[in-house]
Every structure is written in structure tokens, then in C-alpha cells.
Amino acid sequence: MGFPKDFVWGAATSSYQIEGTAGKDEKGMHIWDIYTKESGRVFGGHTGDIACDHYHRFREDIAIMKELGLRAYRFSIDWSLVLPEGTGKVNERGLAFYEDLIDGLLEAGIEPYITLYHWELPYELYKKGGWMNADIARWFGEYAGIISDRFSDRVTHYFTLNEPQCFIGLGYLTGEHAPGLKAPVRDTFLMAHNVLRAHGCAVQMLRQNAKQPVQVGYAPTGAMNYPATEKAEDIEAARRSFFSIPDEHNWTWNVSWWSDPVLLGTYPEEGIRKYEKYLPHITEEDMKLISEPIDIYGQNIYNGNCICMGPDGTPMEVKRRDGFPRTANNWPIAPECIYWGPRFLQERYHKPIYITENGISCRDVISMDGKVHDPARIDFTARYLSQIKRAIADGVDIRGYFMWSLMDNFEWNRGYSERFGLIYVDYETQERIWKDSAYWYRKVIAENGKG
Ligand code: FCB
């Protein structure tokens, strides 16, 4: 058995990473606009001010997507382009951009999948406390309502938040991402709670203003731990470690604290015990809001740890062999994680799954023949796709796959030093060059993943 007939073959991007809208058309500022201007924050002092200039070149980019045969495109909306102050006055020029993008995609036969928040907190809201302020749930709801009101006649798939693990963990605990704070652990738990409440409000507002039935989801990430062998005890060890709760110094890096409340309506007990002294006041009403039913589960998957059952009956990480394959940014290449991750997630949460991101950073260059040869990306993707195929054959309801990324782009604190794209971007000229993997992916899509 191969991929289902209606499998959604896609690619993903996010607004700040590609658009290049800083200071344009009455856009408000967001935390990344500010953060990238602080010296020493981002590799090479790079910023997303211009990025891939997608704001002006989106028609060319849609033509590339059409040529690739993409069935769907996952992109995010910049909250501060639509609502320069985060709430209140709407910037029609911002909405018009997304309107043109959406219409262009639909004309090209590509289904738009919208992510509402891919890390750009409007600076005006940050100044009011951002995620620390309980009102942010309402602010985010207001924004979600506007998007639904404007686009749900044409767009039926939405993800509220991208990777809360990262934007709280890296943004406020380790300080590697905007806004670059090392906040007290206690504050990060309050922020996380408000993040989840904001998700709930957005789900409500997306539905409330929808012009037709919409599919609403959430797009977290996490280490997709997988078993060392198929022995029952190793599988159990991997499952336990997959949903386990880390110590507080890097607490955001886990699955269940972020997903149990959304899907099961409760925080995991192990976490409540472990984090007790840091937790804000959590009400039943909050939990009801957070667990507002969603339709689909998006999961960004890159890697995971190999786990076996230790001699003392607790899960144990298996040391990677010397020379274990790695990506250019040093992430381990572990295709099994995209089999076991969705399987464990479906067992626990019972939702259809979309792989909302998966991809690899390579040291891509334009060769002397003028082409970009990236066999490592093809090999990586073929391996990961074969594990998705296996998961589907074993009954896991995976509905779609979005490659990260459609094109090279601004990789957060790594600036332009990482290339994740199917399409190579020359940032000097803004020329787009198809990598070998793009031609390969086009064939995969055309053959519905056969082979
Ligand atoms: C994910 C992010 C995405 C991109 C990829 C490489 O964590 O969601 O924006 O940076 O990693």
C-alpha cells in the first residue's frame, strides 16, 4: 500500500522568514523586527527586513509551487501586518496582500493552509506584557476572528500556533530567539498557560466567524522519541519517554505539557507534581477554553532520540553510534521518528495528523554547471517519507506532508546560514534556482509518493 489518493503533498514557510515587510505599508513592528537589530543576536547580523522579498515576488513563488505540483501550501500570517498594534485598527493593505496570495494559490490549484502565529508577537502587545498578560487570549482571538471573517469563504484549514515549545523555550527561557529573555521559570509557566488559552480563543473565533465548516488544528513540535528495537518493552520505554516531563531548566521541550491540555483537557499529572511551585492559578474555565475541540493535529517533526528499556525498568537513551548521520545544522537524521511520533500521538490523542514541517539544512551551493545538487536532501526526504508510508500502512491517519521549506529563508538566529529550501535563493539577486530535490519532489508528488 502506498499513500492515500488524496494525500496532501505540500511545502511550508512562515511570514518573517520569507516576506521582507519591515517598515512597509503601515505594518506594525513585531519582536523579531526589533530583536534582529540588536547586535550579537543573529548570525552575521542578518535580519528578515528583505528576506526572500516574497511580499513583492509572491506571484513568481506561486508559479514555482504550481510547477512543483504542490497540492497545498502552509504559510503564516504576520499578525502585525494585519493589526499594526496587535488589536484595534485593521491594516487593509496587509489583508490585501494575504488576499492576493490566497487567490493566487487557489487559481493555481493549491490549497492554502494558514498558520496564525509563527512567532511574530506584535511589539505593541509585547509592551503590554505579551504572553504574561492574560488579555492576550482575547487579543489573539480578535485577530483570529478577523482572519476567519475575511478568508474562511476560501480557506478551510487553519493552525493556530506554530511550536509553542520553541517560542516560549527559546524566546523566554534560554533567550536564543526573540525577544531574547531569560525570564524566571515561574513566568514562563504563566506565559505557556496564556499561550494555550490564546489557542482556545482562536479556535472559538475561527469557528464563530467561519463562512463554511473549517478544519482547525495546532502545530507543536518536540523530540519524537523512538524505540531501539521492536521489542514490546522498548516500545513502551519510547512511549513513556515520548510523553515524559523534563526538569524545569528546559521544561518547554516536551510533548504532553503542550498537547494534553489541548486534546485531553488536563495538564499531565507528572508535570503538575514536578512543576507545582511554578504554576499559575489554573481554573476549570481555563481548561475548558484550552480544550476547545480541534479537528486536526499538526506536528512538526525533525528528529528524536533512540530509547530502550533500561535494566531498572525505566526508559534509557541509547547512545548514537560514532559518525551518526547529521544535517548541516547538526541535527541527527533519524527517519524512524516520523513513524513512531505520529503513531504515539494518534494512540494518545486520536486525531488525524498532518506533518506540518519536516526537512533538512544542507550546505547547498551553486555548482559550476549552474545547478544546485543536493543529494543529501533527497536521501533524507526519501527515508522520512518511507517511514510515513509505513505508518499509514500500519493504520496511522497521516493526511499530509509539508516540506520545510519551499525555499531557503531566514532561519531565525542562524540568519541565512542555513538552507532548508527545495528552491535555492540567491539573496543578492533574489534569483530562485530549483535544487535537484525540487525536481525530485515534483516527481514524488506526480507519482503520489510511489517508489
Ligand atoms: C522549525 C520552525 C521553522 C524552521 C524550522 C527549521 O522549528 O518552525 O520556522 O525554523 O524549524
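Both ligands and their constituent atoms are indexed starting at 1 by order of listing.
- In this structure, Glu292 does not pair ionically with Arg207, as no charged nitrogen and carboxylate oxygen lie closer than 4.0 Å.
- One finds no salt bridge joining Arg419 and Glu411 here, because no Lys/Arg side-chain nitrogen approaches an Asp/Glu carboxylate oxygen to under 4.0 Å.
- Among pairs with a residue in residues 182-192, none fulfils salt bridge (charged side-chain N to carboxylate O under 4.0 Å, His left out), at least two apart in sequence or across chains.
- Within 4.0 Å of ligand 1, counting heavy atoms only, the contacting residues are Gln17, His118, Trp119, Asn162, Glu163, Asn300, Tyr302, Glu357, Trp404, Glu411, Trp412, Phe420.
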Show me the donor-acceptor pairs, under 3.5 Å and distance only, between side chains in residues 109-116 and residues at least two apart or in other chains.
unit_1: Glu111; atom_1: OE2; unit_2: Thr156; atom_2: OG1; d: 3.4
unit_1: Thr115; atom_1: OG1; unit_2: Arg74; atom_2: NE; d: 3.0
unit_1: Thr115; atom_1: OG1; unit_2: Arg74; atom_2: NH2; d: 3.3

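- Qualifying ring-ring contact (aromatic ring centres under 6.0 Å, His included) partners for Tyr267, counting only residues two or more places apart in sequence or in other chains: His193, Trp257.
- For the atom pair Tyr226 OH and Gln387 CD, the distance stands at 10.0 Å (nearest 0.5 Å).
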